[in-house]
Amino acid sequence: MTASAAPSWLDKVRLVLPTADEDRCDVNLIQDALLLPIPTTGSEELAEIQLDHFVLRYSEGCWQLFPPTDNDAFGRHALGIDFVQNARFNQPMTLREPLAKAAGLRANRRPMVIDLTAGLGRDAWALASTGCTVFAFERHPLIHFLLSDALMRARLGSKTHEIASRIHLYGSDARAAWPDTIKPDEHTVWLMDPMFPERQKSALVKKDMRIFHELVGVDADADALFAWARLQPANRYVVKRPPYAPALAGAKPSMSISSGRVRFDCYIKPAAYLSQ
């Protein structure tokens with residue numbers, strides 16, 4: 001979920017920095033927040049600003065994005081990412097799960113995973129929970145910031161430290177800034193979950209996904225990102241799609257694994273290609 005950051009989202013968000021009497025906040029994350037390209041406003045203006053703006057502020061021990069109070073479409077709950085308090089993130093994903101099957105995990109197989117569209121980090125976390133090392137890319141600065149905050153807290157948690165330590169997060173488009181330290185090979189699994197246009201009459205769409213659609217938009221270059229990834233060394237590519245969505249770039253998958261709300265299209269690397 002890493003659509004290019006359209007200028008319009010900058011006009012919709014305001015940053016409120018923690019005050020001295022609020023929960024302690026890591027000073028590095030405050031500095032990172034100040035690097036975000038969004039205007040900063042004082043806490044005394046919060047009530048007025050939040051009427052028609054999303055507000056990024058530190059609350060209850062983590063950074064959260066609060067929706068406009070004058071717009072019911074986004075609900076009343078803040079969007080935050082937390083792997084520590086939710087017990088389901090303390091347990092490893094079973095190999096019976098659709099994502100594990102799509103990634104080709106076996107009892108003795110834990111490949112390197114490269115997640116090109118990390119978003120809220122849930123798929124990266126699930127794969128890391130099984131023992132995979134995950135290199136995750138999130139190019140939208142606001143979502144990257146929230147995910148960085150969540151992973152920092154998870155690394156400090158006794159039950160989540162081990163999983164969080166397997167996730168290496170990068171705030172960039174992989175094509176533009178590829179780290180030399182990541183060396184994919186014929187065992188690597190590439191993962192994509194591009195933002196897809198929201199359907200009409202989407203009353204059942206979760207509120208956090210509505211926020212994504214509003215601020216992140218759609219991945220207009222998803223086909224190009226997929227084409228680039230398929231030129232890299234790999235065992236397989238996994239593309240997460242809504243059940244109704246066509247295959248990415250019109251490319252027929254080797255197989256698909258469905259699980260109600262999502263579909264995983266799997267593209268197995270041809271043996272002839274690997275030998276080139």
Side-chain angles (χ1 to χ4, degrees), residues 1-20 22-83 116-122 124 136-153 169-173 176-177 193-198 202 205-222:
M1 301 179 189
T2 56
S4 299
S8 59
W9 78 269
L10 303 176
D11 301 326
K12 301 174 183 178
V13 184
R14 294 294 181 267
L15 169 66
V16 175
L17 294 176
T19 58
E22 289 181 310
D23 292 335
R24 292 176 57 191
C25 178
D26 185 272
V27 65
N28 291 324
L29 280 174
I30 293 178
Q31 293 173 347
D32 289 344
L34 287 170
L35 293 176
L36 291 170
I38 56 179
T40 301
T41 187
S43 56
E44 67 279 1
E45 302 173 278
L46 179 59
E48 180 180 354
I49 288 295
Q50 197 166 341
L51 289 174
D52 54 3
H53 287 82
F54 291 89
V55 173
L56 177 67
R57 62 186 176 92
Y58 192 76
S59 176
E60 300 180 350
C62 65
W63 285 94
Q64 300 185 61
L65 186 65
F66 291 81
T69 56
D70 268 6
N71 192 334
D72 291 334
F74 306 109
R76 290 288 177 260
H77 297 289
L79 172 64
I81 306 175
D82 184 80
F83 300 114
L116 293 174
T117 54
L120 294 176
R122 292 168 183 167
F137 292 83
E138 177 49 59
R139 59 186 172 179
H140 194 285
L142 183 56
I143 305 304
H144 173 263
F145 175 79
L146 291 173
L147 185 52
S148 295
D149 174 45
L151 290 174
M152 183 203 72
R153 286 181 283 108
L169 180 64
Y170 299 87
S172 63
D173 184 321
D193 181 12
M195 286 291 286
F196 194 74
E198 191 173 1
S202 53
V205 174
K206 290 183 177 181
K207 299 296 175 65
D208 56 1
M209 291 308 301
R210 290 185 183 178
I211 294 175
F212 262 92
H213 278 284
E214 181 70 15
L215 298 181
V216 180
V218 299
D219 282 309
D221 62 346

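- Of all heavy-atom pairs spanning A33 and L15, the tightest one is O-CD2, 3.5 Å.
- Across all their heavy atoms, T117 and D193 have their closest contact at OG1-N, 2.6 Å.
- Under the rule for a side chain to side chain contact (heavy atoms under 4.5 Å, CB included), the partners of L51 that lie at least two apart in sequence or sit in another chain are T69, D70.
- Residues E138 and H140 come closest through the heavy atom pair OE2-N, 2.9 Å.
- Closest of all the heavy-atom pairs between F83 and G121 is CZ-O, 4.0 Å.
- With sequence neighbours excluded, no residue forms a salt bridge (charged side-chain N to carboxylate O under 4.0 Å, His left out) with D32.
- Annotation: side chain of L215 is not in contact with side chain of I143 (no heavy-atom distance under 4.5 Å).
- The minimum heavy-atom distance between A150 and I81, with the atom names listed, is CB-O, 3.2 Å.
- Between the H53 side chain and the V55 main chain, no donor and acceptor come within less than 3.5 Å of each other.
- Annotation: salt bridge (charged side-chain N to carboxylate O under 4.0 Å, His left out) contacts of R153 (sequence neighbours excluded): D82, D149.
- Remark: side-chain polar atoms of E48 are not paired, donor with acceptor, to backbone N or O of E45 under 3.5 angstrom.
- By the side chain to side chain contact (heavy atoms under 4.5 Å, CB included) test, Q64 is found to be paired with S59, E60, C62, F66, A78, residues two or more places apart in sequence or in another chain being considered.
- Atoms CD1 and NE2, on I211 and H77 in that order, are 11.0 Å from each other to the nearest 0.5 Å.
- Within the model, atoms CG of D11 and CD1 of I38 stand 11.5 Å from one another, a figure rounded to the nearest 0.5 Å.
- For the atom pair CG (L65) and CZ (R57), the distance works out to 10.5 Å, reported to the nearest 0.5 Å.
- In this structure, S148 and L169 approach most closely via the heavy-atom pair OG-CD2, 3.4 Å.
- Checked against side chain to side chain contact (heavy atoms under 4.5 Å, CB included), N71 has the following partners two or more places apart in sequence or in another chain: P68, A73, F74.
- By the ring-ring contact (aromatic ring centres under 6.0 Å, His included) test, F145 pairs with W63, sequence neighbours left out.
- With rounding to the nearest 0.5 angstrom, the CG atom of L142 is 11.5 Å from the CG atom of L147.
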